[in-house]
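Remarks on the structure that follows.
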There are 2 protein chains.
Amino acid sequence: MIKHRAIRDALLGRIVSGEWAPGRVIPGEVDLAREFGCTRATVARALRELVAAGLVERRRRGGTRVLGRSGRDAVVTIPIVREEIEAAGHAYGYERLTVREADPPEPIRQAFGLRPGAAAVHVACLHRADGRPAQVEDRWINAAAVPAVRTQDFRTVSPNEWLVRAVPYTRARHEFRAERPTDRLRGLLDLAPDEWVFVVERRTWREDAGITVAHLYNPADRFRITTRDPVAFGVDPGAG
Amino acid sequence: MIKHRAIRDALLGRIVSGEWAPGRVIPGEVDLAREFGCTRATVARALRELVAAGLVERRRRGGTRVLGRSGRDAVVTIPIVREEIEAAGHAYGYERLTVREADPPEPIRQAFGLRPGAAAVHVACLHRADGRPAQVEDRWINAAAVPAVRTQDFRTVSPNEWLVRAVPYTRARHEFRAERPTDRLRGLLDLAPDEWVFVVERRTWREDAGITVAHLYNPADRFRITTRDPVAFGVDPGAG
DNA sequence: CAGTGGTCTAGACCACGCC
DNA sequence: GCGTGGTCTAGACCACTGG
C-alpha cells in the first residue's frame, strides 16, 4: 500500500465521479493530510501527480482547483516500420534506393538553419513486408551536425536505425497528413490507381541544430496511427 | 533558484551531451546529494522527473541507468474544428444534418459494450469555415451512459461541445487514417474528384462504459496533425 | 545479504497572491 | 496580512534485487 498513490487515486475518484466538479476548489494540503493521516509532503506528492495529469491546477493562496477536461491531448507512438512488420509476423525487407550528398531544398535548409551551399545527405529507401512494399523513406541528414553520415552508405542499415544509435537528439516534431502520391511513389509502393499516401514527417534537433528531416510514405489503404491517453499514471507506476 | 530543478537540468545536460551515454549507470542518490549539497529527497525528486521524461530507468540495487532515446513518443493535441477555424481568422459555421435514436452498428455496439437492441443516438453535422465545408462529424452517443442526450437536438450546439460539458470522461483513444470518401462525403465536403478524406476517430469512455464514438472527416488536401515533444518538463514547470 | 532506490515523517522557511 | 502552495532538510525504515 503506497500512501501517496492511494491518496492520488482517492482524489482522482472524487474528481471523475463528479463529487468534485470542474471549477471547484478542493480542501487544502493540511486538511487532506489530516483526513488521510499523513504529512503534508505525502499529500503534496499525490497532488503533484494530479497536476502532471492535467486534472487540477494549483495556485498559492488560491488553492487547488479541479479543471474541466477538454481532453485534447493524446500520446502517439511513432511507428517504426521494421518493428510493425515483424510484429505482424511478416518478413522485413530493406532496400536502399539512393544516397547522395547535395544541396538540400529550401524548406529542408530552413529546418536545419543552414546557409545555401551547405551540404546535407539525402537518402531514399524502401521497406518491405513479405516482399511487398510497405514504406518509402525519404530523408535529409544535416552533414554539419552529423559528420559521420558521409561515411555511411546505408546499404544494409536503415537511416533511422543508424541515426538512433549515432546521434542522440533532444527534440522531435512530427506531422501526419495525406497526399496525392507522385508517379514514382505510386510505382515504388504499388499503390491502387486512386490511392493516396499517408505521410509521416519527422524532424529532429539536437539543441538548436537540425539533425534530420524524414518523410515516411505509407499506402493510405493500409496504414493508421493510434493514440493512447497521456501517461498520467497507470504506465510508469513509480514515476511522478 | 529551485534546487531540484537545477539538479534535474544538470543531470539532463550530462545525458544529452553524451557525457553519460545510454546504458551507463549514473552515480547513486547519496553521491549526487553530496555533489549538489542537498539531501537525498531533493535528488530523488529530480531523478523522478527524469524517469517521467523517459530519460533514465531506475531499479533497486541496480541503480539509475541512462536510456537510449528511441524517441517515439509524441504528444498530439486533437484539434477542435471550431477553434482551428476561428484561430485561422475564418467565420465558423455549424449545421446539424441529422439526429436519430437507433440501433448502432456492430462495431459501435462493441465499443460501447452494448447488447443488441440497446439504444444509442446518432448525430451527423457539418462544420464550415467562411461558408466552405471544413469537416463532417459523424457520431454515436451511448444513450445508456448519457441519458440526457435524448433531450438534445444539437441544432445549435455541436455534439462535441455539449459532451465536454455534460459528461466527464476518464479515457480516450484516437485513430488517424486516410480513406476513400463516400459519395455523400464527397458532396458534403466539396472534395476534389480524386481527393481522399483524413479521418480522426475519437472514442471516449467513462470508467468502463463507452460514451461516444466520433468520426471526423476532413478534406485531406487541407488537413494535418502535428505533434510536440512529450511534456517532460518545460511546460508545467512546477509539476513533477 | 548488502546496497540501491522507494517511501514517509516532522518540522521549517519561503513566496506568492487573494482578501 | 495571512493562508495557500512550494521547497527543503534530517532522519528513518522498508523493499527489492543483483552480485
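Chain letters run A, B, ... following the sequence lines, proteins first, then strands; residues in each count from 1. In this text the structure is predicted, and so the values were computed from the model without any measurement.
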Donor-acceptor contacts under 3.5 Å from residues 15-22 of chain B side chains, at least two apart:
unit_1   : atom_1 : unit_2   : atom_2 : d
Ser17(B) : OG     : Gly13(B) : O      : 3.0
Ser17(B) : OG     : Arg14(B) : O      : 3.2
Ser17(B) : OG     : Glu19(B) : N      : 3.2

What is the distance from [atom1] of [X] to [atom2] of [N], rounded to the nearest Å?
| X | N | atom1 | atom2 | answer |
| --- | --- | --- | --- | --- |
| Glu49(B) | dG6(D) | CD | C1' | 13 Å |
| Arg58(A) | dG6(D) | CZ | C1' | 9 Å |
| Leu50(A) | dG6(D) | CG | C1' | 16 Å |
| Arg48(B) | dG5(C) | CZ | P | 13 Å |
| Asp31(A) | dG5(D) | CG | C1' | 13 Å |
| Glu29(B) | dT7(C) | CD | C1' | 11 Å |
| Leu47(B) | dT7(C) | CG | C1' | 15 Å |

Going by heavy atoms closer than 4.0 Å, what residues in residues 21-28 of chain B are next to DNA chain C?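 Those residues are Gly28(B).
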
Which donor-acceptor pairs under 3.5 Å do the side chains of residues 208-217 of chain A make with protein atoms, sequence neighbours left out?
unit_1    : atom_1 : unit_2    : atom_2 : d
Thr212(A) : OG1    : Arg139(A) : NH1    : 3.2
Thr212(A) : OG1    : Trp140(A) : O      : 2.8
His215(A) : NE2    : Glu201(A) : OE1    : 2.9

Just by distance, no angles: are the side chains of Thr170(B) and Arg206(B) close enough, under 3.5 Å, to form a donor-acceptor pair?
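Distance-only check fails for Thr170(B) and Arg206(B).
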
Self-check item: Full working for side-chain hydrogen bond (donor to acceptor under 3.5 Å, both in side chains) between Thr77(B) and Arg228(B)
Solution: CA-CA 9 Å; Thr77(B) 297; Arg228(B) 60 180 191 281; 2.7 Å; yes

Residues that Arg155(A) engages under side-chain contact (heavy atoms from CB on, under 4.5 Å), provided they are two or more places apart: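 Counting only residues at least two positions away or on another chain, Arg155(A) forms a side-chain contact (heavy atoms from CB on, under 4.5 Å) with Arg96(A), Asp153(A).
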
Counterpart residues, side-chain contact (heavy atoms from CB on, under 4.5 Å), relative to Arg224(B) (two or more places apart) =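 With neighbours one apart ignored, the set is Glu175(A), Arg177(A).
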
Could I get the full list of side-chain hydrogen bond (donor to acceptor under 3.5 Å, both in side chains) partners for [X], not counting sequence neighbours?
| X | answer |
| --- | --- |
| Arg24(B) | none |
| Asn160(A) | none |
| Arg60(B) | none |

Residues in ring-ring contact (aromatic ring centres under 6.0 Å, His included) contact with Trp162(A), at least two apart in sequence or another chain: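 So Trp162(A) forms a ring-ring contact (aromatic ring centres under 6.0 Å, His included) with Phe154(A).
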
### Query
Does Phe36(A) have any ring-ring contact (aromatic ring centres under 6.0 Å, His included) partners at least two apart in sequence or in another chain, and if so, which?
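None.
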
**Item:** Along DNA chain D (nearest heavy atom to each residue), the more 5'-positioned of Ala44(A) and Gly63(A)
**Value:**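 Here Gly63(A) is the residue nearer the 5' end.
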
Polar atom pairs between nucleotides 8-10 of chain D and protein, under 3.5 Å, N or O only, would you list them?
unit_1 : atom_1 : unit_2   : atom_2 : d
dC8(D) : OP1    : Lys3(B)  : N      : 2.2
dC8(D) : OP2    : His4(B)  : N      : 3.3
dT9(D) : OP1    : Lys3(B)  : NZ     : 3.1
dT9(D) : OP2    : Thr39(B) : N      : 3.1
dT9(D) : OP2    : Thr39(B) : OG1    : 3.0
dT9(D) : OP2    : Thr42(B) : OG1    : 2.6

Each nucleotide of nucleotides 14-19 of chain D classed B (base within 4.0 Å of a protein heavy atom), S (only sugar-phosphate) or -, in 5' to 3' order, makes -BBBBS

Would you say a side-chain N or O of Thr64(A) is under 4.0 Å from OP1 or OP2 of dT4(D)?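 False: Thr64(A) side-chain N/O out of range (4.0 Å or more) of dT4(D) OP1/OP2.
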
